[in-house]
Visitor: 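Just dropping this structure here.
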Amino acid sequence: MRIDRREFLAQSGSCAAHLALAAGMMPAALRNAWAQTPTGVVVAREPFGNLEKVADGVWALISTPLTGERTTVSNGGIIAGRTGVLAIEGFQMPKGAEWLATKARELTGKWPTHVALTHYHADHANGVAGYLTEADHPKVQSTSRTKELVLEKNQPADASRAAALKDAIIFSATEPTSLDLGGRKVRVIPRSGHTDSDVSLELDDPSLVFCGDLFWNGMFPNFVDAIPTKLKTSVRALRRAKETIYVPGHGAVGRAPEYDRYVAMLGEVEQAARKAHAAGTSAADAGNAFTLPPSLGEWALFSKAFFPRAFEAWFRELK
Ligand SMILES: [Zn+2]
């Protein structure tokens, strides 16, 4: 793997280390399947990801970090209105954010006017300075807690990242925020569960949700900061009755079947963790012994090494 041990330790609070480790254990066929299942029209293809048009004026960047390419690592996207363009996520590296901004200008005629971070993890936030240029100063927005966590936990610190966040406009942690992009309103909904502070970015027409890391499609999620009962609440709240496009934090764009499979997978983990806790089994033992039922299909390909972390998260809440 192209991520070395020291780097892994420095980033162990991020999704990136988790992904890099997972990649080494994942069969090549699955790594490729991840990269090659677009639901929209691919308008740009790079070693680190594919930019897909998922609706009029909406594009999702589906990162493909399992190849070892770590420019972006997380998914993100672009939502365009008549007067404003929102870029979602700061990505792992500034050149990832700069790339997305360049694409936004090619596709919409505008550099992003707004940037939103869904949560603090390095692969979603660390490259945010890439949106700022001599001429362009988009409004960078996050919750206060996310800003605080980026600055505290994402080490080594970086002066340009701190500068990009210094004047960040704060999303309310309790009330939805509406971003008016001109003929298009994006609702920013404060949630939690993947971390202490997550937001989803939501459109009603088309029905489309950028879920951040509250939804992972095709890979077992990172529970390092998870609060499983809150995660469960958030995941249920994101599910819409009508036909909806769900852009996950990691993995291909999903619709109801993929989203429901993820919900079922989380349910299996909860059930097993509660049972183990009640039986007095340790989180490590229970996690190491855990398997997902074959009915959940491809999830069965995950390494067992990631289960204990999920069980530990449940045990933190159950004790
Ligand atoms: Zn994350």
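The model shown is predicted, which means the values in this text are computed figures rather than measured ones. Both ligands and their constituent atoms are indexed starting at 1 by order of listing.
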Visitor: With the Zn ion (ligand 1) at the center, what angle do NE2 from His119 and NE2 from His194 span, rounded to 10 degrees?
Guide: 100°
Visitor: As an exercise, state the distance from SG of Cys211 to CD of Glu202, rounded to the nearest 0.5 Å.
Guide: 7.5 Å
Visitor: Please round to the nearest 0.5 Å and tell me the distance separating atom CG of Leu214 and atom OH of Tyr259.
Guide: 7.0 Å
Visitor: What N, O or S atom of His121 is found closest to the Zn ion (ligand 1)?
Guide: ND1
Visitor: Judged by atom type as modelled, is there a donor-acceptor pair below 3.5 Å linking the side chain of Trp111 to the main-chain atoms of Tyr131?
Guide: yes
Visitor: Check whether any N, O or S atom of His124, backbone or side chain, sits closer than 2.8 Å to the Zn ion (ligand 1).
Guide: no
Visitor: Any Lys/Arg nitrogen of Glu148 or Arg145 sitting under 4.0 Å from an Asp/Glu carboxylate oxygen of the other?
Guide: yes
Visitor: Counting backbone and side-chain atoms alike, does Asp213 have an N/O/S atom under 2.8 Å from the Zn ion (ligand 1)?
Guide: yes
